[in-house]
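Just below is one structure, and these are the notes that go with it.
Quantities reported herein were computed from a predicted structural model and do not represent experimental measurements. Residue numbering restarts at 1 for every chain, and letters A, B, ... go by the order of the sequence lines.
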2 protein chains.
Amino acid sequence: MSSDDLAPEDAVTETTDADRFTNARAIRSTALFEDYTELIADLTEEFGEARITDIARRLGVTHPTANKAVLRLKREGLAISRPYRGVFLTEAGVAMAKAVKARHRLVVRLLIAVGVPPEAAEMDAEGIEHYVSETTLKAFEAYLDGRD
Amino acid sequence: MSSDDLAPEDAVTETTDADRFTNARAIRSTALFEDYTELIADLTEEFGEARITDIARRLGVTHPTANKAVLRLKREGLAISRPYRGVFLTEAGVAMAKAVKARHRLVVRLLIAVGVPPEAAEMDAEGIEHYVSETTLKAFEAYLDGRD
DNA sequence: ACGGAAATGTAGCCGATGCTATATTTCAAA
DNA sequence: TTTGAAATATAGCATCGGCTACATTTCCGT
């Protein structure tokens, strides 16, 4: 369906179902990178480096899975590593990790603010956070600010 | 980190990072079924049947992709169809569609209630909804009720 | 200094989810 | 009634993200 086919009254700014689903698919493909960069940042802060075994254990996957994911991270310019050594984030990786962590905290805070039990908020935020747009993030901030 | 290694004060009910990530992965694997059942329900209501071409167009994918997904839906007992005919939901499929639709509406309502612009709320809800647990859903309901 | 355990890497399998290209079937219009 | 366009099905390819099994490297304890 091209926009030509739309009825006149909603022709220009209409967001189609397909747009939304396509957006959700695009996000799904970056969600894993976000999880990895955030985790690598955490481990680096805690231990001075992120080791494959620790990454795998925290994510609940096997090391080969973590290893493959790190290869993809490196290919995308988000991390660097030498064989048999720890993994480190590039500047781009650090930037992603920081943004992801800030967003994660904000999502948890908002969930708790509307009455979600903290345990459930943490659990659900792990999936939700990836889909929260900048616009929605701003709205969350405004809501939490106006609430103090 | 096994639970044996935990400090005494948070030993028993601790939810680990791995638990949360494993939960998120499990949800990711059912999200597609949820999208399809909801969409098939919509199309069936609109047109009396859900045709592969319409499913594909609404989701923004090619028909072979939609066809394969429908095969998986059928394998999971969520839908039925005969060759070159429309797709219909089973009772299980209808139940899933109803739950998904109710949850979707609730998520959109909550986002709007905390100040997210409707357009962004619709967009983000498409991904968020899948990760909203029953507990969180109940909290959203309570929040929206206590707000009228 | 070396030997074994732990960590890391690699190979190969599988299913999911996308695609393009090519049949095949349906259905409506001439 | 036939035939051509639209819809549907199928084949085959790629990537991702899991896994197990096995190879290699590191590093600690004796």
Side-chain angles (χ1 to χ4, degrees), chain A residues 1-2 5 18-37 39-40 43 47-76 78-88 126-127 130, chain B residues 1-2 5 18-37 39-40 43 47-76 78-88 126-127 130:
Chain A
M1 186 195 290
S2 80
D5 304 325
D19 290 336
R20 284 194 288 274
F21 286 117
T22 298
N23 176 253
R25 278 196 301 277
I27 289 172
R28 203 166 54 230
S29 77
T30 65
L32 198 103
F33 286 161
E34 296 187 342
D35 287 339
Y36 272 85
T37 53
L39 177 53
I40 291 169
L43 290 169
F47 303 120
E49 65 176 348
R51 312 180 68 201
I52 289 288
T53 301
D54 294 330
I55 293 171
R57 185 178 46 237
R58 289 255 187 128
L59 289 176
V61 298
T62 58
H63 5 107
T65 296
N67 202 299
K68 259 192 210 176
V70 167
L71 288 182
R72 289 195 291 273
L73 283 182
K74 290 168 75 171
R75 199 183 57 202
E76 296 295 320
L78 294 167
I80 52 171
S81 74
R82 299 195 339 270
Y84 295 96
R85 296 294 158 180
V87 181
F88 299 91
E126 201 60 66
H130 301 293
Chain B
M1 184 195 292
S2 82
D5 304 325
D19 290 336
R20 285 194 288 274
F21 286 117
T22 299
N23 176 254
R25 278 195 300 278
I27 289 173
R28 204 165 53 230
S29 76
T30 64
L32 197 103
F33 287 160
E34 296 187 341
D35 286 339
Y36 272 84
T37 54
L39 177 52
I40 291 169
L43 290 169
F47 303 119
E49 65 175 348
R51 311 180 69 202
I52 289 289
T53 300
D54 293 331
I55 294 172
R57 184 178 47 237
R58 288 254 188 133
L59 288 176
V61 298
T62 59
H63 1 109
T65 295
N67 200 298
K68 259 191 210 175
V70 167
L71 288 182
R72 289 195 292 274
L73 283 181
K74 290 168 75 172
R75 200 185 56 203
E76 296 295 321
L78 293 168
I80 52 172
S81 74
R82 301 196 338 273
Y84 296 95
R85 296 292 157 181
V87 181
F88 299 90
E126 201 59 65
H130 301 293

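Here L59(B) contributes atom CG and L39(B) contributes atom CG; the two are 5.0 Å apart, rounded to the nearest 0.5 Å. How far CD1 of I55(A) is from CD1 of I52(A): 4.5 Å, rounded to the nearest 0.5 Å. Residue L78(B) holds its CG atom at 10.5 Å from OG1 of T30(B), rounded to the nearest 0.5 Å. Considering CZ of F21(A) and CZ of R28(A), their distance stands at 10.5 Å, rounded to 0.5 Å. Atom OG1 in T65(B) sits 7.0 Å away from atom NZ in K68(B) (nearest 0.5 Å). Put simply, CG on D19(A) and CD on E126(B) are 11.0 Å apart, with the number rounded to the nearest 0.5 Å.
Scanning all heavy atoms of the two residues, the minimum distance from T37(B) to E34(B) falls at OG1-O, 3.1 Å. When all heavy atoms of F88(A) and G48(A) are compared, the pair lying nearest together is CE2-O, 3.5 Å. The two residues V87(B) and S81(B) come nearest to each other via the heavy atoms CA-CB, 4.0 Å.
Between the NZ atom of K74(B) and the P atom of dA9(D) there is a distance of 7 Å, given to the nearest Å. Spacing between atom CG of L73(A) and atom P of dG9(C) amounts to 13 Å, rounded to whole angstrom units. We find that CG of L32(B) is positioned 18 Å from P of dC16(D), with the value rounded to whole Å. Across the protein-nucleic acid pair, D35(A) atom CG and dG17(D) atom C1' stand 13 Å apart, rounded to whole Å. Distance I52(B) CD1 to dT24(C) C1': 15 Å, rounded to the nearest Å. Atom CD1 of I55(A) and atom C1' of dG18(D) are 16 Å apart (whole Å). In this structure, the OH atom of Y84(B) is 14 Å from the P atom of dA7(D), given to the nearest Å. The CZ-P distance, from R82(B) to dA7(D), rounds to 19 Å in whole Å.
Considering only the side chain of R72(B), dT17(C) comes nearest among dT17(C), dC16(D), dC19(C). Taking only side-chain atoms of T62(A), from C-beta outward, the nucleotide of dT8(D), dG18(D), dT20(D) with the closest atom is dT20(D). In this structure, the nucleotide among dG18(D), dA7(C), dT26(C) sitting nearest to the side chain of R51(A) is dA7(C).
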Nucleotides 1-6 of chain C: protein proximity per nucleotide (B base, S sugar-phosphate only, - neither; heavy atom, under 4.0 Å): ------
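Within 4.0 Å of T53(B), counting heavy atoms only, lie sugar-phosphate atoms of the nucleic acid but no base atom.
Close to dG17(D), at under 4.0 Å from its OP1 or OP2, lies no side-chain N or O of T65(A). Within the structure, every side-chain polar atom (N or O) of R28(A) is placed at least 4.0 Å from both OP1 and OP2 of dG17(D). The phosphate of dG17(D) has neither OP1 nor OP2 within less than 4.0 Å of any side-chain N or O from R25(B).
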Hey, what are the protein-to-nucleotides 10-12 of chain C N/O distances that come in under 3.5 Å?
from: dG12(C); atom 1: O6; to: K68(A); atom 2: NZ; distance (Å): 3.3

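With hydrogens and angles disregarded, no donor-acceptor distance shorter than 3.5 Å links the side chain of R58(B) to the backbone of L43(B).
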